[in-house]
Structure formats: C-alpha cells, structure tokens
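This report refers to the structure that appears directly beneath it.
Residue indices begin at 1 and follow the sequence shown.
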Amino acid sequence: MLNVMREQTHPVAQQTRSLPYDVVALVLQGGGALGAYQAGVYEGLHEAGIRPNWLAGISIGALNAAIIAGAPEEERVERLREFWEIICAQSIEWPAGEGLANALPFAFDIHSIRNALAAMRALVQGQPGFFRPRFPSPLFSPFSGDAATSFYDTAPLLRTLEKLVDFDRLNSGEVRVSVGAVNVRTGNLTYFDTAERRLCPKHFMASGALPPGFPAIEIEGDHYWDGGVVSNTPLSRVLSGEPRDTLTFQIDLWSARGRVPYDMMEVSSRQKDIQYSSRTRAVTDQALRMQKMRQALQRVIERLPEAAKRDPEIRAIADMARHRSHNIIHLIYQTKLHEGHSRDYEFGLSAMRAHWQSGLEDIRHTLANGRRLDPPPPELGIVTHDIHRRD
C-alpha cells in the first residue's frame with residue numbers, strides 16, 4: 001500500500017532552502033480526515049527544502065504537528081505517512097464499493113459509495129489507532145465521567161502518539177510547537193506552547209477532543225476540548241509573536257466561500273465550512289492595521305529629541321514598533337463533488353490518499369512561482385497569497 005504513494009512523490013531536496021525570514025511557520029487547521037491534505041502539503045515543502053521552525057495546529061492539525069516535530073528531519077514525511085496509514089486502516093472488511101455499485105439498479109458514483117462506507121465504518125467501529133466506540137452508549141451509561149460524556153474512547157490515539165512521536169525531540173526547541181484547546185470550565189482558548197512548557201501526548205489529544213464524540217482531556221486539574229470549538233485556525237498565535245520577519249504557510253481544510261445549498265445534505269456541509277473555516281482576512285486586516293500603527297509610531301519617535309529617545313518608556317515603545325514583515329501563503333482544500341457532509345470522518349485509505357495528493361499538487365503549484373516567497377514591500381509589511389485550487 002505504501003508503495004503506491006511513494007511512486008507519486010519527487011526526490012526530497014537534500015539542502016535546506018535559505019529564506020529571508022526569521023520564522024517559517026506552518027499553521028494547520030482542524031478538519032479530521034481532511035488533515036491528510038496537510039500531510040501532502042508538508043511533503044511538498046520538505047522536498048522543496050523548506051523546513052518550518054514553528055508549527056501551530058488545532059485538532060488534526062495539532063496531531064500532524066506532533067508527528068512532524070517529534071520525528072528526525074529525514075523521517076518526517078514517512079512518519080506522517082505511517083500515522084495516516086494507521087488511522088485510515090479498516091478494522092473490518094466491508095463489501096467492496098465496486099461490488100455494491102454494480103448491484104445497484106441505478107448509476108452511482110463509486111467515490112461517493114466508498115467514502116460513505118468509510119464514514120459509516122468510522123461511526124460504527126471507530127478507527128484503528130485513533131478512537132473506538134464506547135459500550136454501552138453514553139446515552140445509557142450507568143457511569144459518570146468520560147463514559148457518560150463522549151461516544152468514543154481515544155485511548156488508541158494515546159498509544160499511536162507514544163509510538164510515533166519522540167516527545168524529547170518535540171520539546172528540544174529545534175521546532176517551536178503551539179497547539180490550541182478550549183478550557184471547558186472557562187470557555188477560553190488556551191495555547192500549549194513548547195516555548196512556555198513541556199508538551200506531552202495529552203496536550204495534543206486535548207486539542208483534538210471534539211465533543212460529544214471525544215472526551216475532554218484533563219491537564220493539571222482543568223479539562224480541555226478541541227480548540228476548533230472556539231477558533232479552528234491558530235494564525236493569530238503566529239502573527240502576535242515577537243517582532244520577527246515571518247513566512248507563514250496556512251493550510252486550511254474548510255473553505256469560507258461556497259455556493260448556496262440546494263438540499264439538506266448541502267446545508268449540513270455548508271454549515272461545517274462556515275463554522276470551521278478560518279477568518280484569515282479578518283486576522284490579516286487586523287495585522288495590517290497594527291503594522292500601520294507601528295509605522296506611525298516610528299515616524300513620531302524619529303522626530304523626538306535624542307534625550308527623549310533614551311527614555312526607557314520611549315525605548316520600550318520603539319521596540320514594540322519595530323518593523324515586522326509577514327508573508328502568508330494561504331492554501332485551502334477544495335471539496336470534491338463526491339464528498340458530502342461526512343468528509344471530515346471519511347477515514348478510508350482511498351480518500352486519504354486523494355487528500356494527500358491534492359495537498360502535494362497544490363503546494364508544488366504554489367512554489368512553482370518563486371516570487372510568492374518574497375518578503376512584502378517595507379511600506380506594506382504584510383501580504384497574503386490566496387492559493388485557491390480550481391477544480
């Protein structure tokens with residue numbers, strides 16, 4: 001199975017590309033099974049010699065970040081592939097989609113059948129190495145705690161992370177990692193960041209603990225749910241960091257743009273798109289306003305007498321007003337016509353490989369235009385490249 005995917009890849013670059021930025025960030029949105037698209041994008045970055053030194057993720061994006069940061073550089077792509085092969089494997093063989101399609105008295109898209117079977121299997125059986133259904137159902141559970149507040153047990157995910165992620169390496173400082181989760185008691189979004197604390201499997205499981213499917217994860221006496229409950233994209237975490245020139249690859253799995261639904265299935269699908277899509281334009285507009293404010297402060301400070309410039313408070317303001325250069329490369333997974341509202345839990349191998357290949361092709365197409373990696377003009381300070389694939 002692995003050979004099929006390997007044959008489609010290009011040789012990995014041996015040299016790391018030198019880029020005119022202090023930080024190269026990879027921002028990974030939540031989106032369940034669609035997260036294989038992010039893995040494909042990372043493979044394309046890796047083969048191009050681009051090595052992010054800051055990974056920020058929510059939900060499945062946090063899990064991808066853990067796999068990348070917790071593996072030796074030369075093994076990251078293969079470790080990602082192993083992770084996705086594990087969690088998309090089918091625990092029990094169901095009737096082949098082709099046979100079912102041939103048995104139907106009317107024409108039906110084979111991709112739709114295969115994806116529907118994968119989604120049904122995930123709901124009924126769970127996914128190996130990821131989650132398993134609870135018995136009895138929490139609706140009839142005589143117990144309290146996780147057994148009464150979630151439909152699935154994520155203990156298999158803990159074992160998968162312990163197998164595939166070297167947490168000593170992840171916490172070594174080689175790559176900064178930030179993952180978002182929601183404090184169930186306060187409702188506030190919290191970031192677990194290797195720049196501030198040591199991260200363990202629970203921090204990544206908390207970021208992906210989407211209720212009511214998965215249980216809240218307890219960390220230091222507090223309980224946390226999936227960060228996507230509040231904000232599904234950690235772009236603001238990267239943009240609000242120290243004043244450093246930053247190249248950000250933001251990889252989204254839900255598109256804010258879409259057509260008006262024409263049936264109830266499309267209503268559900270479109271609702272997910274809107275609910276979980278990033279607010280990139282709002283975030284970048286705010287960053288641009290801040291950039292203009294810093295530029296105005298710089299002009300004011302330049303007019304001050306030299307004695308005033310040496311004042312500690314003025315020096316602190318000048319430090320905050322330092323120029324920042326932000327280049328945001330924004331890629332968004334484009335939903336296929338045969339994918340429905342269940343596409344985020346269609347964990348089939350064929351769907352996973354298609355998502356992966358889409359990400360790989362999109363980032364290759366993006367990097368083919370080398371000027372997209374250029375820093376923005378000083379007077380602008382921030383630029384966003386919206387790379388939206390056309391089917």
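- Note: W254 and Y276 have tilted aromatic rings, judged against thresholds of 30 and 60 degrees for the angle between ring planes.
- Interatomic distance, Q291 CD to I382 CD1, rounded to the nearest 0.5 Å: 7.5 Å.
- Between the side chains of D273 and Q271, not a single donor N or O lies within less than 3.5 Å of an accepting N or O.
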Item to complete: Decide yes or no on side chain to side chain contact (heavy atoms under 4.5 Å, CB included) for F249 and V41, but give the supporting numbers first.
Response: CA-CA 9 Å; F249 293 92; V41 171; 5.8 Å; no
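- We find that E85 and R79 are not joined by a salt bridge, their nearest charged nitrogen and carboxylate oxygen being 4.0 Å or further apart.
- A 6.0 Å sphere centred on NZ of K309 holds more than 12 heavy atoms belonging to other residues, nucleotides or ligands.
- Annotation: side chain of I329 is not in contact with side chain of T248 (no heavy-atom distance under 4.5 Å).
- Between D344 and L253 the shortest side-chain heavy-atom distance does not fall below 4.5 Å.
- A ring-ring contact (aromatic ring centres under 6.0 Å, His included) with Y224 is found for one member of F214, Y191, F192 and no other, namely F192.
- Not counting sequence neighbours, V300 has no partner by the side chain to side chain contact (heavy atoms under 4.5 Å, CB included) test.
- Of all heavy-atom pairs between L189 and S231, the closest is CD2-CB, 4.0 Å.
- Side-chain atoms of N171 and T194 include no donor-acceptor pair closer than 3.5 Å.
- With a 6.0 Å radius and a threshold of 12 heavy atoms from other residues, nucleotides or ligands, W225 has its CH2 atom at or below the threshold.
- Counting only heavy atoms from C-beta outward, the side chains of L247 and L373 approach each other to under 4.5 Å.
- Looking at R343 and E346, no side-chain N of the basic residue comes within less than 4.0 Å of a carboxylate O on the acidic one, giving no salt bridge.
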Discussion item. For H326 and Y21: C-alpha separation, side-chain torsions, deciding distance, then whether side chain to side chain contact (heavy atoms under 4.5 Å, CB included) applies.
Written reply: CA-CA 9 Å; H326 288 290; Y21 299 94; over 6 Å; no
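- The neighbour count for E196 CD, taken as heavy atoms of other residues, nucleotides or ligands under 6.0 Å away, is above 12.
- Using a cutoff of 4.0 Å between basic side-chain nitrogens and carboxylate oxygens, R17 and E47 are not scored as salt-bridged.
- Between D168 and R198 there is a salt bridge, with a side-chain nitrogen of the basic residue lying less than 4.0 Å from a carboxylate oxygen of the acidic one.
- For the atom pair T154 OG1 and Q127 CD, the distance stands at 14.0 Å (nearest 0.5 Å).
- Using a 4.5 Å heavy-atom threshold, the side chains of I67 and F204 count as separate.
- Residue-environment remark: CZ (R315) stays at or below the threshold of 12 foreign heavy atoms within 6.0 Å.
- Relative ring orientation between F131 and F347 is described as perpendicular, the plane-to-plane angle rising above 60° on a 0-90° scale split at 30° and 60°.
- Ion pairing between E73 and R169 fails under the 4.0 Å rule for side-chain N and carboxylate O.
- Counting heavy atoms from C-beta on, the side chains of T233 and Q250 come closer than 4.5 Å.
- Using a 4.0 Å cut-off between charged side-chain N and carboxylate O, D193 and R237 make a salt bridge.
- With respect to the salt-bridge test (charged N to carboxylate O, under 4.0 angstrom), the residues R324 and D245 do not qualify.
- Proximity of P136 to P142: side-chain heavy atoms (C-beta onward) are separated by under 4.5 Å at one or more points.
- Donor-acceptor pairing under 3.5 Å is lacking for the side chains of N64 and Y42.
- Between K163 and E82, at least one side-chain N (NZ, or NE/NH1/NH2) sits under 4.0 Å from a carboxylate O, which counts as a salt bridge.
- The residues R81 and E43 are annotated as salt-bridged, a charged nitrogen and a carboxylate oxygen being separated by less than 4.0 angstrom.
- In this structure, the side chain of R372 engages the main chain of T366 through a donor-acceptor pair within 3.5 Å.
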